[in-house]
Structures are given as structure tokens and as C-alpha cells.
Amino acid sequence: MNFQLLDADYIRKDNSPIIRLFGRGDDGRSICCLVPGFEPYFYARPSTVNSHDELIRALEQNFNSIKRVELVEKFEPVGYQKSRKKMLKIVTYDPQNVPEIRDDVVSFPGIEEVYETDILFRNRYLVDQGIHGMKWVHADTSSDIDHSMDCDELVTSTRIEEVDRIDSAPLRHFAFDIECLPINGGMPVPEQSPVIMISLSFEPEFRGMKSIVLLGRSLDDAGDGVEVLGDEPALLNRFFEIFREYDPDVVTGYNINDFDIPYIVDRIKTLQSSGITINSACGRDGRPLDYRKIGIRSMVSITGRIVADSLPIIRQQFSLKRYNLQTVSRELLDMEKLDVSPQQMEEYWLDSGEKIRKFIDYARRDSELAMELLLKLRLLDKFVALAQISGSLPQEILEGGQTSMVENLLLREFRKHDYVLPPRPDENIVSSRNRESEGLKGGEVLEPKKGLLEKVVILDYKSLYPTIMMAHNLCYTTVIDIERPDGNIIKPPSGGEFVSAEVFRGIVPSILENLLNRRTETKGLMKGAKTEDEYRVYDATQLALKILLNSFYGYSGYTRARLYSLALANAVTSFGRENILKTRSVVEKEIETVILREGKAYLKEEVTSKDTDDVIVKLSVVYGDTDSVFVQCSSETNLELEDVELVGNRIAGIVSHSLPDPMELEFESIAERALFIAKKRYALWMFERSGTEWSESIKVKGMETVRRDWCELTSRTLNSVLELILKEGDVEKAMEYVRGVVDRVRNIDVANDPEIIDDLVLTRMYSKSMGSYKNKQPHLTVIEKMKKRTGAAPSIGERIPFVIVAGKDLFVNRAEDPDYVRQNNISLDVDYYIKKQILPPVSRILSAFGVDEAALDYDSKQKGLFEFSPSSEKKLSDQLQRRKKGTAEDHDSGNRKSQSSLFDF
DNA sequence: AAAAATACCTAG
DNA sequence: TCAGCTAGGTATTTTT
């Protein structure tokens, strides 16, 4: 029997652990597969002097829970070693015994250190058997047992093997959303407010239905897709009944981890205390719904299934100003959320006509949207690929970060090479690592040549840090630490020493090599994909490989890592810095000039005679950040895109050739014009090759248009200015545009035009607990005001919108809730928006052309207005002027929906 | 009034 | 932003 592995855990039977694997078969049946016989264990390193036999006997006698001790040969995890050392493999009866006895074992006479003492038993099993999360497995034999499990089949198997398949099992997706009735319009609390409705969506359909709304009251002629349950207990019981019958593999919703699920669980407790019992069994093993609180956030797992809350995934994958369901559905799905305000809710709920029906429709939309988000945006694809590659279970990846995946890969590869892994560091170790980690230096950022430049080639290093680790054999296992090698030594610029690959090939470099090769292969397969689905699978796979490739460097400098090495992390970045500086010097000093002749790019030493048709291109590096270089190409002759491309490819080729394998500099794209403001702040009019054509775009980095703590007004104004300058080279027009915006802002009439506020809203993340802020912050004053007025309490991690209202008070105190401002006709601080939101970012750009801020402010000193004209050296050549493709305004007004926008004129 | 500290968000 | 890392710019508040 074959099934796709969704989840795993273990149970105990007759004092022995049994692994349980959960999945969905290709026949569509859900499966729980029991695997007996796998033993828990960990490793210990004895001091060299002792007799191993005696030590083993002493351990076996002293610890009841030790089943047996085996003598094995392993390498320690860190530092180059010539040979394996004697170690003890301590096998216990129960997985729990491992954490129970590890502290006593480490302090037992004759034991120096323990390893792999905190590996979850199910992960231990998957790693040792070579099985990966979300992969297909084949279960050898099976014997049906009587079954009280909530899945179609319960089998026992002694032999499990992974099968190579890229398709997905027919997974069942279940989305839900609850509605609660708040006490007079406030936030509902499970101790008081009942759950009144639950909406459910299914993919594939459940009994021919895409969605169902469960209603916790009575109603005649409720209509199709509505189940009238009468009261709350019946509603909740029916919810779980449908849940079990549908038997979902993936459970989703919007913010279910932090709201819906904890609410249901707490509500059931409340009902229980008044003698009402709800059967909330929903795990594939029949476990009731539950959640656990870790710090301020709660986590949910359901045995045998994947709980995938779309909110945190969307937060991670999309940069948005706000993350409420309304904004997210509009921005990402182009769908509208329907809503009943908390104040109206009671009225709608008690109605028996139009209103309750509307309320039901609104509720239905929420679970539909949650399902759409998961499926249309294909939110799970990346996690599935990450699970398949790293071997971690999907739930673990959804809950945690990169750590579990990196450690999973390390554990598998270390095991193959007879290396052991240390346990997670305790708090003492972490804090001492934190102190020394201040010495970790990062990438090099080159000072940009500020102002507007033309014909800039953009080159970057393909996976710089991973390829550095591979090229220089940088690994925990190659640091020269305890023993010195006989062969070659690699000395990074940061100091320290590593053995070369001929002496010993590092494990991390070999993991990276494997990931990099697979990525290249996958990209090849992607090109040949026959179906859309196949393409998506390969695309998610190559993305996951990229994420994992880049995780190893970060992990090495992560103070809570099992394997932390400042020497390693510093070696990587120091090679990186050296590399970019050397690249700059090669381009400027060694290559210096490229000669174009008959469609080829030559170096100056390759050309012996002069030709009148030669195009001579001078190179200068105008910017670079960590793994990229921007090279300006200057020539007497006008350069076409193809010419610049030839230059770019030649530079990439020469530089790559001088680098150790597999380091590689790649030609990326061409900026016809580039505007550099500061380090990490620039805008490009970019041309990228797509087949035989060139695709054109404007790319903005770091500037206010891409920052979420500036208002829409700023973003749009700046975007237009950038477009006018980059595409049309028209500074005058840009100034005119800004003056127009300033003028309109000065004459804003909120009372007449409440929608205008939308363009003036700033957002900031409420990022830590109130008490730990040392300074006043605008979004915090808004939170305080809202709490006082409505009792609404945003939680940490939310982005808080606000506007600045008129007044004499300190800036922070004039931050206000946009809704409140709208409702109460409060006037905004027009001057703030002009002087602090529009002018500074715009003048940072225009000052490069000699424009003074006063020349932009319509109302202030009229003089600057007529004095200015762009200096002749900044004027752009006629021939470039001819290339314009349409004005900034065309683009801008075309995208706007609202008529009352500041930008329609 | 200048300098330092704090906070935020982004680039890579 | 839900346990990978550092570098860097800008606005505002707080301290000197």
C-alpha cells in the first residue's frame, strides 16, 4: 500500500513504543500505519582512560531505563578529526527515558558528553529510515486490526520504504470560521459570548457541497447550504461531526491558531463547567481539539492532519500594509469580504428576515475566502517542497522556522558520515554565545555613485554564501580545532583555519552541493514541464532548495543552534567581502575597458589593431551590496541593450573564470537609467531578457515607495517622480507634478471627501509589549486612545493604521485612528503631510538635479518657483528623450479606482 | 542645539 | 515580524 506521509507520532503498547504514520493513499483512503520495533537511543562519549566494558556494565546496572549499551565509533560534531572515537550508543525502553536520564548520564563517572538527547522520537525514526515528510511511502505488509481510529484504514507494517513520486495524494481541505455574539459590541470572550455560527468550506466537495453554514438558533426556510441546529451545543457537536466525517488532511482558516481554535476550546470548557459536554474529537487518533500557549502565541496541532492557518503564511510571504481578511482578500484575491459590524451583530442575529440571511451569507464568505487564499495562492506548495527536501514533517515547518529543517538535514547527513550532533544549547551557553556573537560581521556594501546614471550592468553572484562554503570547504567538521591535519590548510580573511577538501570534504559543503545540483536539475525539469501542475511542483521545489541553501550560513551564526560556529560564519562573510572588493578591482583595474567589434566583446589586450568601427566601453563599478555589482558602461557611441549585454556577459565570464568552483558571477539585467540615493536606496529602469525580447520595468529598492511606514500619498507621488525621471528624463515635469500634489494636499477637504484619508494613512507594527517601549510611538498612542474609547485591543504583531491630525501637540500625540477621524470630522495636519511626508523623500531625489525644496512647496516663498532650471550637465541627451514610452500620469490614473483620489486630476 | 538613543523597516 | 544572519537609512524622542 502507498500513501503520502502527512504526520507521524508514537504511542506505547506493552512498554514498547510504536511509531504511527499518517497519510492519504492514492486510492483516496486515509491511513494510519503502525510500525513497531523501533528503539529510542542517544550517544555518550566516554573519557578515554576508562575500560569501556566496565563503564557499560555500570551504566546498565545504574539505570533501569537503559535497555542496553552498544560500543560504537563516531566523530565528534565540531573540529577536524583524523579518526573516529569510541562512543556509547545508549538504547532505552521508552522514548521518554532519553530526556529523563540524559542529565544523570552526562554527570556519570567516566562520561564526558552526551549527544542527540533531544531528537523527537518520530524524527529519529524518519531520519534513521530515510523517510521524508510529504513523500510517498510504501508499507510492506499490512494486517487489519479492529479500529477505533478516525481514518479509513489502520494497518501494521514492519517494513516502510520511501517511493519516488512527485504527484500529490487527493488531499481533503477544510476551511472554517466562527462567529461569536459579543456583549454590547466589544470583543467576544469565550467565558460569556456564545459561538453562534460556523461556516465551513470543502475542497473537494463534501456530499456535493462546497460550503455549509451551521446556525446556532432556529430559523424557518434557512435555504440551501445552511444547517439549522437550534442552539450552541448542537452547533458545536455538529461541527465536529462533520469534521470527522469529512476527515480532512489540511485544516485551514484565517487566524484560526490565535482565535477560532482557542475560542472553541475555551468555550467548550465553559460549557463543560455548566454540565454541557461537547464531543470535540478531531484527531485521527480521536483526540479532542486542543491548543497550547507558547509565550503569547498559541499553537495547534491535530493528530494525523496539517493545521495551516493562512494568516501567518500570508504575513511571511506578502508585504502588505495590513493583514486583516478584508485587505488581504482585496489585495491578493481581488475579492471582497462581506461584514456585519460588531455593533450591528446582535440586531442581525436576532432578525428572522433579510438581516439574518445576510449575516449567514457574510459568514459563509469568510470560510470561502480562507479556502481561496490557501488554494489560489498555493500557500502550501512551498511547505510541501520544504518537507520533502528537508525531511521534516509539514506541521513542524509551518510552526517553526528554518532551524528544524536545517537540523533535520544535518542529522541525516551527519549520521551517514558517522558524526553525532550535540543537543540544543542551554540558556547559559546561549547567553555566552550572544556575547561573542557581536563579533560576527556581515556583507560589504559599496558606497554608491549618487545621482542619475545610464547604461548600468547588473551582475550578481549565484548563491554567494553557499558557493563560498563549497569552494573553500567551510564546515563544522573542517575547522582546525582539536587536531592538525597533514595536508593543505585554508585560511579565510577573518582568521581561523580549515582543512582543504583533499584532506577531508566537509559535510555541510557536500549537503550544499547536493542541494545546488538538485536545484539546477529541477530548473531544467521546470522548463520541460508538460502541465501547469507539474510546473508548479518544480517551481516550488527549486524555491525550497534555494531557501534551504541559504539557511545554512544563517544557522551557523544562530546562537540557539545545535551547531553554532562564529569561526565558520565569519569565514563565510569574510570571503564574501573579499570577493566583492576583488570583483570591483578586477572590473575597474584589470578589465577596465571592453571593445565591441562585430558583435563580440574583446578585452583591450585581445585587440591588436584599431578599427574605426570599434566601440570602446569604459567600465566603472557604481554600486554593490554583498553579492552584487553594478557596472556603469560609458562610451562615446550610443550603446544598444545588446551591446551592454555583450559587455555584461564578458565581465561575468572573466570574473567567474578566476573564481574557485562553483562560485559564479552572473549577468542579471541592464538598467537603462539608474538613480542611486544612498546605500540600499535606489531605483532602476530595468531591462531583462525574456527570450528574444526585452521586458522593461521600474524597480525601486529601499525608498519610501516600498516602505510600509509611509502613506500611500508618498508612495504614489514618489513613484510618479521616479518614472518621469527614469523613463522620460524630465525633471521639470516631475517638479510640476509634485507642485500639483502639494497644492491639492494643501486644499484637502476631508469633510467633503472622507475617502481622501485612505491616501494619508500610515501604518506601523505594534512589535513588542507596551512596557518595553522606551520612547513614545505614534501607533502606541493610537492603541491607547482606542482602548479608552472602545476597549478594542490590538495584539502584538499587528500593524496599526493612523493619521496625523492638526494641533500644536507633539507629533506622537497627534496620531489618530483613521476611522475615528472620519467619523468625527477631525481636521488633518496638512502641513505635516506636505513637509514631512511628500517633500523630504521627493527632495532627496530631486536634489540630485539641483532642485531646492522651496521650489516644490507651492505655498512657501514663491521665489524658488521661477528661478529654477535644471543645470545643463544634468540635461539628458535628445536621443534618450526620444525613447519615452508614456507618461507617469497615464500609468497612475489608470490604476486608480476611487474618483476622489488625490491623484486624479 | 547637537548628539545619542530608540524604533521601524528594508536590502541582501 | 511565528527561534537563520548583518548592514544601513531615516524620523523622532530623549539626553546632554
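All chains are named by letter (A, B, ...) in the order of the sequence lines, taking the proteins before the strands, and each is independently numbered beginning at 1.
- Looking at heavy-atom distances under 4.0 Å, A/Pro840 makes contact with sugar-phosphate atoms alone, never a base.
- OP1 and OP2 of C/dG8 both lie 4.0 Å or more from every side-chain N or O belonging to A/Tyr623.
- Nucleotides C/dT1 and B/dA7 have their C1' atoms positioned 14 Å apart, rounded to a whole Å.
- Counting non-hydrogen atoms under 4.0 angstrom, A/Val406 reaches nothing in the nucleic acid.
- Distances from the side chain of A/Lys776 to the nucleotides C/dA3, C/dA7, C/dT13 place C/dT13 closest.
- Heavy atoms of A/Ile294 sit nowhere under 4.0 angstrom from any nucleic acid atom.
- Using a cut-off of 4.0 Å between Lys/Arg side-chain N and Asp/Glu carboxylate O, A/Arg844 and A/Glu704 are scored as salt-bridged.
- If you check every strand for non-hydrogen atoms under 4.0 Å, A/Gln777 touches sugar and phosphate atoms only.
- Closest to the A/Met765 side chain, of the nucleotides B/dT10, C/dG4, B/dC9, is B/dC9.
- In this structure, a donor-acceptor pair under 3.5 Å is absent between the side chains of A/Thr478 and A/Asn473.
- Of the side-chain N and O atoms in A/Lys680, none sit less than 4.0 angstrom from OP1 or OP2 of C/dG8.
- Between C/dT10 and A/Arg844, a contact under 4.0 Å exists linking OP1 or OP2 to a side-chain N or O.
- Along DNA chain C, the nucleotide nearest to A/Tyr553 and the one nearest to A/Arg799 differ in position, and the one closer to the 5' end is contacted by A/Arg799.
- Of the side-chain N and O atoms in A/Thr403, one or more sit less than 4.0 angstrom from OP1 or OP2 of C/dG4.
- Nearest-nucleotide positions on DNA chain C for A/Arg681 and A/Glu798 put A/Glu798 closer to the 5' end.
- Between A/Lys701 and B/dG12 there is a side-chain N or O to OP1 or OP2 distance below 4.0 Å.
- Residue A/Gly554 is classed as a base contact, given a heavy-atom separation below 4.0 Å to a base.
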Exercise for review: Please step through side chain to side chain donor-acceptor pair (under 3.5 Å) for the pair A/Ser843 and A/Glu853, ending with a clear verdict.
Suggested key: CA-CA 6 Å; A/Ser843 72; A/Glu853 198 162 299; 3.0 Å; yes
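- Within the nucleic acid shown, A/Tyr682 comes within 4.0 Å of sugar-phosphate atoms alone, with no base atom in reach, counting heavy atoms only.
- When rounded to the nearest whole Å, the span between CD1 of A/Ile677 and P of C/dG9 equals 13 Å.
- Put simply, A/Ser767 has a side-chain N or O that comes within less than 4.0 Å of OP1 or OP2 on B/dC8.
- For A/Ser319, whose side chain is taken as the heavy atoms from C-beta onward, the closest listed nucleotide among C/dC5, C/dC2, B/dT10 is B/dT10.
- We find that CZ of A/Phe811 is positioned 6 Å from P of C/dT13, with the value rounded to whole Å.
- In this pair, A/Phe575 and A/His472 present their aromatic rings parallel. The plane angle is below 30°, not in the 30 to 60° band.
- Spacing between atom NZ of A/Lys774 and atom C1' of B/dA4 amounts to 13 Å, rounded to whole angstrom units.
- A/Lys768 has a side-chain polar atom (N or O) that falls below the 4.0 Å cut-off from OP1 or OP2 of B/dA7.
- You won't find any donor-acceptor pair under 3.5 Å spanning the side chain of A/Arg708 and the base of B/dC9, going by distance alone.
- Between the P atom of B/dT10 and the CG atom of A/Asp709 lies a distance of 7 Å, rounded to the nearest Å.
- Between the OH atom of A/Tyr465 and the C1' atom of B/dA11 there is a distance of 12 Å, rounded to whole Å.
- Side-chain N/O atoms of A/His779 include one lying less than 4.0 angstrom from OP1 or OP2 on B/dC8.
- A/Tyr833 places a side-chain N or O within 3.5 Å of a backbone atom of A/Ile804 that can act as its donor or acceptor partner.
- Between A/Lys679 atom NZ and C/dT6 atom C1' there is a gap of 13 Å when expressed in whole angstrom units.
- Listed nucleotides: C/dG4, B/dA7, C/dT6. Nearest to the side chain of A/Tyr558: C/dG4.
- Below the 3.5 angstrom threshold, one finds no donor paired with an acceptor across the side chain of A/Arg764 and the base of B/dC8.
- Between C/dC2 and B/dC9, the distance separating the two P atoms is 12 Å to the nearest Å.
- Here A/Glu399 lies in heavy-atom contact (under 4.0 Å) with sugar-phosphate atoms only.
- Note on A/Tyr773: a side-chain N or O is less than 4.0 Å away from OP1 or OP2 of B/dC8.
- Proximity of a side-chain donor or acceptor of A/Arg799 to a complementary backbone N or O of A/Tyr766 within less than 3.5 Å is not detected.
- At least one donor-acceptor pair closer than 3.5 Å links the side chain of A/Ser715 to the backbone N or O of A/Cys711.
- When the P atom of C/dG9 is taken as reference, atom CH2 of A/Trp710 falls 15 Å away, rounded to whole Å.
- Atom NZ of A/Lys321 has more than 12 neighbouring heavy atoms from other residues, nucleotides or ligands inside a 6.0 Å radius.
- Summarising the geometry, the separation between CD on A/Gln317 and P on C/dT1 is reported as 11 Å, rounded to the nearest angstrom.
- Residue contacts shown for A/Gly797 are absent, as no nucleic acid heavy atom lies under 4.0 Å away.
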